[in-house]
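Right, one structure below, let's go through it.
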Amino acid sequence: MNSLGIVILAAGLGKRMKSRLPKVLHCLGGKPLLSYVLKAARGLTPKKIAVVVGHGAELVKQACDGSDVAWILQEQQLGTGHAAACAAKTFRDFPGELLILNGDVPFITEATLLGLLRNHREQNATLTFMTARLPEPAGYGRIVRGSKGEVARIVEERDATAAEKKIAEINAGIYVASPRFLFAALESLSNRNEQNEYYLTDIVAAALKMREPVRTVEAEDAREIMGVNTREELALMEKLVQEKINRKWMAAGVTLKDPETTYIEEGVKIGRDTVVGPNTHLLGETVVGERCRIDGSAYLTNAQLTDDVHLRFSVVLTDCKVGDGAIVGPFAHLRPGTQLGRQVHIGNFVETKEAKLGDGVKANHLTYLGDVAVGRETNIGAGTITCNYDGFAKYPTTIGERVQVGSDTTLVAPVRLGDDVYVATATTVRRDVPAGALVYNERVERAREGWTEQKRRKMGKVKA
Ligand code: UD1
Ligand code: MG
């Protein structure tokens, strides 16, 4: 749309969030609020998008892909009217309409915005803005109308009388106006109100004073225009995001045993006939294949699972890959750089990091595998530790194929074990072991008969 310019207001402190983070960077479904508004804005293919930033401006710029965005700095946050006025330089002579969006209203859709624009043009209005009817309008600006139902002004909650507070029709914070009118009206604003701020909402009364036609469009789905101003609202909206994402995956053939406790972020993909148990978090760019089973209490961030993987109860997986038919857990921790081949088994209390495990490798109990490559079909016994760190640097361990690593083995890196090596139980391996060899530590084992009774006597536990 060549005749459309968009201004997104995102400079506010978000006082009611009580946060050090700019409000528009708080996340829903793992993505910042502002990125939702930007997505809807881009969907309209406007000629120009500008975002007004101020509080935490640099953070906001870093967090959102802004290659096609003009950033406008509002140095002091003097109110939404002042924020919009900051866009004057960029848009004063813009040949078309200006759409103004609040950066904290993330659910707004392209379709609704298109409807608003269509209406604005059909009605030949100078200013059109969106309203909605909410059963609980508290916190929003209310639409005050005259006796014939014509709009008169918007009053903010804090400035409203008791009677005005009862009005259910609220201001969504979404406006379309001609730049000529908008910037003239913004110059006329005063900050004589409860917050001593310049309110963008006052352009409605200004328009009427200037005898310019003002129209409103009511949102069909009031949920679309909900704003995030408090942590409570953020939680409520997160719930709505989760419900929507969960519905999408269930419709696509994924079983969620307990959708209420399943958290799936926007960027995640899940294959058919996968079954997801309670208290599961699938975050970031996590990909889960088909027919996987996730028993429950799983926390996956950027994990890639191919098909038929079984994650048993309580696992944490981060930046890792898991091959077909692998079984992981219960109580396992796959850290970044872990790559499990097909049919790998990782059992309880096993931690891996930068670990490449070939097909069919088993590490079933109490093990740490860090900075290691393990060949196919190797079995890692209980209590095996790769000692990869000497307090200064990390060193690699390489283990061949079909190796049998006995229980209670410590592998002091850097060290290499060839194929078909057999490591005896309780061995500390410090040097490379050639293929097919047995490696063990010489130890003397003795048993002293009668020792326990002697000791007890000495300690006075057994009477003579
Ligand atoms: C605003 C509207 C209210 C409406 C509600 C809808 C005003 C005065 N009130 O109230 O009528 O019902 O949105 O969600 O406009 N911002 C700036 N610079 C500032 C102040 C705010 O850029 O100096 C930005 C904020 O970052 C935010 C947006 O403007 O993205 C709205 O500000 P906020 O303080 O949330 O306004 P509300 O009280 O929600
Ligand atoms: Mg708000």
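Remember, it's 1-based here, ligands and their atoms both numbered in the order they're listed.
Near A83, the atoms of ligand 1 lying under 4.0 angstrom from a non-hydrogen atom of the residue are 17 (C), 18 (N), 22 (O). Every atom of ligand 1 is numbered from 1 in the order shown, and the set under 4.0 Å from a heavy atom of K23 is 35 (O). Distances below 4.0 Å separate heavy atoms of A10 from the following atoms of ligand 1: 22 (O), 26 (O). Within the listing of ligand 1, atoms 8 (C) sit less than 4.0 angstrom from a heavy atom of Y199. In the vicinity of T201, heavy-atom distances shorter than 4.0 Å reach the ligand 1 atoms 7 (C), 8 (C), 9 (N), 11 (O), 15 (O). Taking every non-hydrogen atom of G103 and a distance limit under 4.0 Å, the qualifying atoms of ligand 1 come out as 30 (O).
Between L182 and A177, the shortest heavy-atom contact is CB-CB, 4.3 Å. The minimum heavy-atom distance between A84 and I100, with the atom names listed, is CB-CD1, 4.4 Å.
Not a single heavy atom of I170 sits under 4.0 Å from any atom of ligand 1. The closest approach between a heavy atom of M130 and any atom of ligand 1 is not below 4.0 Å.
Looking only at heavy atoms of the protein, atom 39 (O) of ligand 1 is closest to N229 OD1, 3.2 Å. L9 O, 3.7 Å is the protein heavy atom nearest to atom 27 (C) of ligand 1. Protein heavy atom in closest approach to atom 18 (N) of ligand 1: Q74 OE1, 2.7 Å. For atom 12 (O) of ligand 1, the closest non-hydrogen atom of the protein is N171 O, 2.6 Å. Counting protein heavy atoms only, atom 22 (O) of ligand 1 is closest to A11 N, 2.8 Å. The single protein non-hydrogen atom nearest to atom 32 (O) of ligand 1 is T80 CG2, 3.7 Å, given as residue, atom name and distance.
The aromatic rings of F331 and F313 stand perpendicular to each other, their planes meeting at an angle above 60°, with 30° marking the opposite boundary.
Taking the charged nitrogens against the carboxylate oxygens, E233 and R16 have no contact shorter than 4.0 Å, which rules out a salt bridge. Salt-bridge formation is not detected for the pair D273/R291: no Lys NZ or Arg NE/NH1/NH2 atom is positioned less than 4.0 Å from an Asp or Glu carboxylate oxygen. Residues R180 and E212 are paired through a salt bridge, judged by an N-O separation under 4.0 Å between the basic side chain and the carboxylate. Salt bridge E351/R335: present, at least one basic N to carboxylate O contact under 4.0 Å. Ionic pairing of E238 and K31 is not present here: no N-O contact between side-chain nitrogen and carboxylate oxygen is shorter than 4.0 angstrom. Of the charged side-chain nitrogens involved, at least one lies within less than 4.0 Å of a carboxylate oxygen, so that D324 and R342 count as a salt-bridged pair. The pair E110-R42 fails the salt-bridge criterion, with no side-chain N (NZ, NE, NH1 or NH2) lying under 4.0 Å from an Asp/Glu carboxylate O.
Contacts of L78 with ligand 1, taken as heavy-atom pairs under 4.0 Å, involve the backbone alone.
No cation-pi contact links K48 to F94, judged by a cut-off of 6.0 Å to the six-membered ring centre and 45° from its axis.
Remark: among candidates E156, R16, E197, the nearest residue to atom 36 (O) of ligand 1 is R16, based on non-hydrogen atoms. In this structure, of A172, G12, G141, the residue bringing a heavy atom nearest to atom 25 (C) of ligand 1 is G12. Among L34, N102, L101, the residue whose heavy atom lies closest to atom 14 (O) of ligand 1 is N102.
Each of E157, E164, E156 was compared with R142 under the salt bridge (charged side-chain N to carboxylate O under 4.0 Å, His left out) criterion, and only E157 meets it.
For the Mg ion (ligand 2), the N/O/S atoms of N229 include one lying under 2.8 Å.
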*Run the side-chain hydrogen bond (donor to acceptor under 3.5 Å, both in side chains) check on N193 and D159 step by step: do they pass?*
CA-CA 7 Å; N193 51 51; D159 302 295; 5.3 Å; no

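Considering just the N/O/S atoms of D104, the one nearest the Mg ion (ligand 2) carries the name OD2.
In terms of N/O distances under 3.5 Å, ligand 1 is not approached by Y175. Ligand 1 has a nitrogen or oxygen under 3.5 angstrom from a nitrogen or oxygen of G79.
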